[in-house]
Amino acid sequence: MEVFKVSAQEEPQEERWAVKNEAEANWCFYKIEQAQAKIAQAQKTVAEAKEFAAKVKAQESEAIDRFKGYLLEWADQQEDDDWSFVGPAGKISFDKERQTMTKGDEAMLINQFANTDYVKKLVKLDWGELKKTLTIANGKAITADGEVVEGVKINTKAAGWKIKNKPEGARGWHEV
């Protein structure tokens, strides 16, 4: 069996095309013009598609808002305070107003609870454990002893209806 070694110099190389005359130069300009025209047409098509998508989105958003309005009117007519509706294509439930706590001024909290288990040796507040012991009264955080906690902010989430649907093929409910 013979083994042939081919060096880089012996490998055949294809010649690179080059302009040789004015006709070929004009041909190059023509090809550039064609490519630019294709790019411009593609950009125009994309712009038209975006414009169309924006129109469809505006129209369909208007329809969604209209149907949500119908559902909210119907929900508001229900007399039971705990009323909710669950159907195959959507559900309506009422979120009651509720207040939650978030850590406000940590230094203030550390000073207030310095000699308790809620402040760790690293002088870091154990917010998760402290939060479990606090309650909300009159828009303020209160300890079990009735002491007002100054470094806690109270956030109020407004009450309101939630409308959700379950799009075909989707997993779970999605807010409309």
Are there over 12 heavy-atom neighbours, none belonging to Asn21, within less than 6.0 Å of that residue's CG?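 Result for CG/Asn21: enclosed.
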How is the hydrophobic cluster of Val19 composed, in terms of its other members, when Ile, Leu, Val, Met, Phe, Trp and Tyr link through side-chain heavy atoms under 4.5 Å apart, directly or indirectly?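 Members alongside Val19: Trp17, Trp27.
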Got a sec, which hydrophobics cluster with Ile142, joining ILVMFWY side chains under 4.5 Å apart, including via others?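 Members other than Ile142 - counting any ILVMFWY side chain reachable under 4.5 Å - are Val148.
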same_hphob_cluster(Phe94, Trp83) at 4.5 Å side-chain heavy-atom cutoff: yes
If hydrophobic clusters are built from ILVMFWY residues whose side chains come within less than 4.5 Å, do Ile92 and Ile64 share one? yes
Who are the side chain to side chain donor-acceptor pair (under 3.5 Å) partners of Lys103, not counting sequence neighbours? Glu106
Could you list the residues that satisfy side chain to side chain donor-acceptor pair (under 3.5 Å) with Lys31, not counting sequence neighbours?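 Side chain to side chain donor-acceptor pair (under 3.5 Å) check on Lys31 returns Gln34.
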Residue pairs passing the salt bridge (Lys or Arg N to Asp or Glu O under 4.0 Å) test where at least one lies in residues 90-100, sequence neighbours excluded: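 As it turns out, the salt bridge (Lys or Arg N to Asp or Glu O under 4.0 Å) pairs with a partner in residues 90-100, which skip direct neighbours, are Asp82-Lys96, Asp95-Lys157, Asp95-Lys162.
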Show every donor-acceptor pair shorter than 3.5 Å between a side-chain atom in residues 36-54 and any protein atom, with sequence neighbours excluded, or say none if there are none.
unit_1: Gln41; atom_1: NE2; unit_2: Thr45; atom_2: OG1; d: 3.4
unit_1: Thr45; atom_1: OG1; unit_2: Gln41; atom_2: O; d: 2.9

Minimum heavy-atom separation for Leu109 and Leu130, please, with both atom names. CD2-CD2, 4.4 Å
Scan for ring-ring contact (aromatic ring centres under 6.0 Å, His included) pairs involving residues 130-159, sequence neighbours excluded, and state none if there are none.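 Output for this query is empty, none listed.
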Step by step, would you call Phe113 with Val149 a side chain to side chain contact (heavy atoms under 4.5 Å, CB included)? CA-CA 10 Å; Phe113 295 95; Val149 181; 4.0 Å; yes
Can you pull the side-chain hydrogen bond (donor to acceptor under 3.5 Å, both in side chains) pairs that have at least one residue in residues 127-155, sequence neighbours excluded? Thr102-Asn155, Gln112-Glu147, Glu129-Lys132
Could you pull out all residues at least two apart from Asp105 that satisfy side chain to side chain contact (heavy atoms under 4.5 Å, CB included)?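 Partners of Asp105 under the side chain to side chain contact (heavy atoms under 4.5 Å, CB included) test: Ala107, Met108.
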Tell me, do Ile154 and Met101 make a side-chain contact under 4.5 Å, heavy atoms counted?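 With C-beta onward as the side chain, the pair touches.
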Side-chain donor-acceptor pairs of residues 65-78 under 3.5 Å, sequence neighbours excluded:
unit_1: Lys68; atom_1: NZ; unit_2: Val176; atom_2: O; d: 3.1
unit_1: Asp76; atom_1: OD1; unit_2: Trp161; atom_2: NE1; d: 2.8
unit_1: Gln78; atom_1: NE2; unit_2: Trp74; atom_2: O; d: 2.8

